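Report on the following structure.
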Amino acid sequence: MPLPHARYIVLEHEGAWKINLDNRYYGPFQTQAQAVDNATDSARKAGDAGYPASVLLMKGSAFDTLWTNVPD
């Protein structure tokens, strides 16, 4: 059975940059870059543990993939 895909979503929430993972918010971070760096570090650790992982930046209702260990 494959491991679940860990999706770290960086977004502005309640006036601050946060990371959403499994409908839980982490942060706040002072800047988008800090949130992205934290999410990427966490996603790499999840990947090292065998999980498929991605970092997504939410822009309105669209997502940009910033980092992933999941092949296309």
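The residues of the chain are indexed from 1 along the displayed sequence. Computed from a predicted model, the values in this text were never measured in an experiment.
Here the side chains of Asp37 and Gln34 are not in contact, with every heavy-atom distance at 4.5 Å or above. Two residues are said to be in side-chain contact when any heavy atoms from C-beta on lie closer than 4.5 Å; Thr68 and Thr65 meet this criterion.
Nearest heavy-atom pair across Leu3 and Gly50 is CD1-O, 3.3 Å. Across Gln30 and Trp17, no two heavy atoms sit closer than the pair O-CD1, 4.3 Å. Looking at every heavy atom in both residues, Val10 comes nearest to Ala39 through CG2-CB, 3.9 Å. Contact detail for Ala53 and Ala46: the closest heavy-atom pair is CB-CB, 4.3 Å. The two atoms that bring Ser54 and Val70 nearest to each other are OG-CG2, 4.3 Å, heavy atoms only. Shown here for Leu11 and Ile9, the closest heavy-atom pair between the two residues is CD2-O, 3.3 Å.
Distance check, rounded to the nearest 0.5 Å: CD of Glu12 to CE of Met58 gives 11.5 Å. Rounded to the nearest 0.5 angstrom, Asn69 CG and Arg44 CZ are separated by 10.0 Å. With values rounded to the nearest 0.5 angstrom, Thr40 atom OG1 is found 8.5 Å from Asn38 atom CG.
At a threshold of 4.5 Å between side-chain heavy atoms, the hydrophobic network of Ile, Leu, Val, Met, Phe, Trp and Tyr places Ile19 and Trp67 in one connected group. Under the 4.5 Å side-chain heavy-atom criterion for grouping Ile, Leu, Val, Met, Phe, Trp and Tyr, Leu56 is not connected to Leu66 through any hydrophobic cluster. Residues Val36 and Phe29 are members of one and the same hydrophobic cluster, defined by side-chain heavy-atom contacts under 4.5 angstrom among Ile, Leu, Val, Met, Phe, Trp and Tyr. Following chains of ILVMFWY side-chain contacts shorter than 4.5 Å, one can reach Leu21 starting from Val55, so the two form part of one hydrophobic cluster.
The environment of CG in Asp22 is sparse: at most 12 heavy-atom neighbours from other residues, nucleotides or ligands sit within 6.0 Å.
Here Tyr25 and His13 bring their ring centres to under 6.0 angstrom of each other.
Between the side chain of Asn20 and the main chain of Arg7, no donor-acceptor pair closer than 3.5 Å is present.
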